[in-house]
Amino acid sequence: RLRKIEGFDHLTRTTYLCLRQNFIRVIEGIAHMTELETLDLRDNELSLIQGLDSLTKLKSLDLSYNSIRKVQGIDHQPDVEELYLANNKIKKMGGFEHVPKVKLLELGANRMRVIENLECLPCLEKLY
């Protein structure tokens, strides 16, 4: 299993990247993949959302089953429509103001007690 994202330097036109069920701790080594529309890092060891600034074409982002505590680092993904953050350690909703096109938001099995701050998601159709 992978511990780092590396060796993808030549993949500049890739639109879909799935690296599920690895031991990845940091999102790195993909900044050059500016055509990515789907990034699946489900079931890794991520604790922070970072390294996504250049991925402005993302439409689907799956960071479920990690150890993320706070929703941040998605400031440059205005076209994200599907955001999967289930089974993390998120205690408070927030950080969604930069992803107004989200239609599907999955937050189940986190540590939140209150559902709030959804007014910044006018396109939201499905909340799990």
Side-chain angles (χ1 to χ4, degrees):
R1 293 190 189 185
L2 296 176
R3 294 190 182 280
K4 281 180 85 174
I5 303 172
E6 57 188 356
F8 298 126
D9 296 341
H10 61 286
L11 302 177
T12 57
R13 295 182 2 181
T14 303
T15 59
Y16 185 97
L17 181 62
C18 179
L19 296 172
R20 281 186 178 199
Q21 297 179 321
N22 284 290
F23 299 116
I24 298 167
R25 292 178 182 252
V26 178
I27 303 172
E28 60 186 357
I30 58 172
H32 64 283
M33 301 176 85
T34 57
E35 298 299 316
L36 270 183
E37 293 180 5
T38 300
L39 178 58
D40 187 340
L41 291 170
R42 178 185 179 110
D43 198 6
N44 276 284
E45 296 179 357
L46 300 170
S47 57
L48 294 173
I49 303 172
Q50 61 186 23
L52 302 176
D53 291 358
S54 65
L55 308 180
T56 59
K57 294 184 180 179
L58 279 181
K59 295 199 181 305
S60 179
L61 179 59
D62 192 342
L63 299 174
S64 299
Y65 293 89
N66 279 286
S67 297
I68 296 166
R69 295 181 182 277
K70 189 174 181 182
V71 180
Q72 60 186 23
I74 52 174
D75 302 349
H76 301 281
Q77 287 67 48
D79 293 328
V80 168
E81 294 180 358
E82 298 177 354
L83 184 56
Y84 301 91
L85 295 167
N87 287 281
N88 276 289
K89 297 178 180 180
I90 300 168
K91 290 184 180 179
K92 188 175 180 184
M93 289 187 67
F96 302 113
E97 55 276 355
H98 299 290
V99 288
K101 293 182 183 176
V102 167
K103 293 180 182 178
L104 182 151
L105 178 59
E106 187 174 280
L107 289 167
N110 273 290
R111 297 180 178 175
M112 291 176 283
R113 295 180 187 254
V114 178
I115 302 295
E116 59 188 355
N117 301 320
L118 294 177
E119 59 276 354
C120 60
L121 298 173
C123 298
L124 188 63
E125 296 173 2
K126 297 177 183 177
L127 176 63
Y128 299 97

**Student:** Run the side-chain contact (heavy atoms from CB on, under 4.5 Å) test against Thr14 and tell me which residues pass, sequence neighbours left out.
**Tutor:** Leu11, Met33, Leu36
**Student:** Going by salt bridge (Lys or Arg N to Asp or Glu O under 4.0 Å), name the pairs with one or both residues in residues 71-82, residues two or more places apart or in two chains.
**Tutor:**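 Sorted result for residues 71-82: Asp79-Lys101.
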**Student:** Under the side-chain hydrogen bond (donor to acceptor under 3.5 Å, both in side chains) rule, what pairs show up with a residue in residues 87-96, not counting sequence neighbours?
**Tutor:** Tyr65-Asn87
**Student:** Do any side-chain atoms of residues 2-10 form donor-acceptor pairs under 3.5 angstrom with protein atoms, and if so which ones, sequence neighbours left out?
**Tutor:**
none

**Student:** Tell me whether Leu121 shares a hydrophobic cluster with Leu63, the cluster being built from Ile, Leu, Val, Met, Phe, Trp, Tyr side chains joined at under 4.5 Å.
**Tutor:** yes
**Student:** Would a single hydrophobic cluster contain both Ile24 and Leu17, if residues Ile, Leu, Val, Met, Phe, Trp and Tyr are joined by side-chain heavy-atom contacts under 4.5 Å?
**Tutor:**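 Per the 4.5 Å side-chain linkage, Leu17 and Ile24 are co-clustered.
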**Student:** Give, for atom CD of Gln77 and atom CG of Leu39, the distance between the pair rounded to the nearest 0.5 Å.
**Tutor:** 9.5 Å
**Student:** What salt bridge (Lys or Arg N to Asp or Glu O under 4.0 Å) pairs are there with at least one residue in residues 33-55, not counting sequence neighbours?
**Tutor:** Arg20-Asp40, Arg25-Glu45, Glu35-Lys57, Arg42-Asp62
**Student:** Any pair with a residue in residues 106-115 that passes side-chain hydrogen bond (donor to acceptor under 3.5 Å, both in side chains), sequence neighbours left out, goes on the list, sorted by first then second residue, please.
**Tutor:**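 Every pair satisfying side-chain hydrogen bond (donor to acceptor under 3.5 Å, both in side chains) with a residue in residues 106-115: there are none.
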**Student:** The criterion is side-chain contact (heavy atoms from CB on, under 4.5 Å); which residues satisfy it with Arg1, sequence neighbours excluded?
**Tutor:** Asn22, Phe23
**Student:** Same cluster or not: are Ile74 and Leu19 linked, directly or through other Ile, Leu, Val, Met, Phe, Trp or Tyr residues, by side-chain heavy atoms under 4.5 angstrom apart?
**Tutor:** yes
**Student:** Among all residues two or more places apart in sequence or in another chain, which pass the side-chain contact (heavy atoms from CB on, under 4.5 Å) test with Thr34?
**Tutor:** Ser54
**Student:** For Tyr84, what are the other residues in its hydrophobic cluster, where any two members join if their side-chain heavy atoms are less than 4.5 angstrom apart?
**Tutor:**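 Besides Tyr84, the hydrophobic cluster comprises Leu104, Tyr128, listed by chain and residue number.
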**Student:** Looking at residues at least two apart in the chain, or sitting in another chain, which of them share a side-chain contact (heavy atoms from CB on, under 4.5 Å) with Leu127?
**Tutor:**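 Expected list: Leu105, Leu107, Ile115, Leu118, Leu124.
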**Student:** Tell me which pairs pass salt bridge (Lys or Arg N to Asp or Glu O under 4.0 Å) where either residue lies in residues 114-126, with sequence neighbours left out.
**Tutor:** none
